[in-house]
Amino acid sequence: MPTAHELLAFYLEAGVDCALSETPVNRLSEEAAPEERAPSRPQQFRTANPAPIPPLAEPAPAPDAAITSAREIAPKAASLEELRDLLERFDGCALKSTATRLVFADGNPQAKIMFIGEAPGRDEDLEGRPFVGRSGKLLDLMMGAIGLDRTNAYIANIIPWRPPGNRDPSPQETQICLPFIRRQIELVNPDVVVCLGKPSSQAILNVTDGIMKTRGRWFDYDTGARKIRAMATFHPAYLLRQPIYKRLTWQDLRAIRKALNVGTAS
Ligand code: URA
């Protein structure tokens, strides 16, 4: 018989890390769904009676309203502190209610380079800083390879709250959070933006191609006030699974280093 601790560890590994209801539902119980035990219905299609999900204290507004509200308020933040404060008070993204905390940014806000990932994972959610888990360690090595670390680089994510079980953020969640990361880029005002992986590059660079096509090319990211050089490269989590692409990543990192050095010289 597994202990409660072993069961919890199993659930966590399986991505089950938030409660949907206050009371457990015995989905194996014979009484679970009498009306669904119709003899004509094949066993494998039976669904247990779902427990009523208690309403959240403050239900998140409909995605369209949340997107409109995010677009309205994010540009008003006059500083990174104000932007962080806005996000702490923003209830338009339902991910906030399942995440432990906001994961706003790490590194130096004066940096000339800003790395943008997708969304926090479990370690980031616990610590409140982006890229502190396994992929964060690899990001540190990637930055180190071109003379960067968290004292001279700034790191954030498109989505500042962890999606439950590390699922992919939905397109609506991305649209809701986009005005905030856009304002974050404007406020940091780096010389170079690096998008880590496909979701980040698609959201920031407004492209539909996958990372294989997008990586390694320079784009102009237009803040309205100026154009910032932007490049996409592989996400460190992807590189952990596909180390063969480290070779291409190294090419991208060298181009990034060169662009930063040119910026320094001029
Ligand atoms: N992956 C991301 O995209 N961001 C993090 O902060 C951690 C992992």
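Whatever order the structure lists them in is the order used to number ligands and atoms, beginning at 1. What you are looking at is a predicted structure, and each value in this text was computed from that prediction instead of being measured. Quick note: residue numbers are just sequence positions, from 1.
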Asks: Would you mind checking if Glu81 and Arg84 are paired as a salt bridge, meaning a charged N to carboxylate O distance below 4.0 Å?
Replies: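 Not counted as a salt bridge, because no side-chain N and carboxylate O are separated by less than 4.0 Å.
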
Asks: Does a side chain donor of either Thr100 or Asp125 reach within less than 3.5 Å of an acceptor in the other side chain?
Replies: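 The answer is yes; a qualifying pair exists.
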
Asks: Check this for me: does any side-chain nitrogen of one of Asp123 and Arg162 sit under 4.0 Å from a carboxylate oxygen of the other?
Replies: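 Not counted as a salt bridge, because no side-chain N and carboxylate O are separated by less than 4.0 Å.
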
Asks: Using heavy atoms and a cut-off under 4.0 Å, could you grab the residues that are in contact with ligand 1, chain by chain, numbers ascending?
Replies: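 Residues within 4.0 Å of ligand 1: Gly117, Glu118, Ala119, Pro120, Glu124, Pro130, Phe131, Ser135, Asn157, His235.
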
Asks: Return yes if some donor-acceptor pair links the side-chain N/O of Thr223 with the main-chain N/O of Glu186 below 3.5 Å, else return no.
Replies: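 Not a single qualifying donor-acceptor pair exists.
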
Asks: Let me have the donor-acceptor pairs involving side chains of residues 231-239, under 3.5 Å, with sequence neighbours excluded, atom names and distances please.
Replies:
residue, atom, partner, partner atom, Å
Thr233, OG1, Asp252, OD2, 2.6
His235, ND1, Ala237, N, 2.9

Asks: State whether Arg129 and Asp106 are salt-bridged, where the test is any N-O pair (Lys NZ or Arg NE/NH1/NH2 against Asp/Glu carboxylate O) under 4.0 Å.
Replies: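 Between Asp106 and Arg129 there is a salt bridge, with a charged N closer than 4.0 Å to a carboxylate O.
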
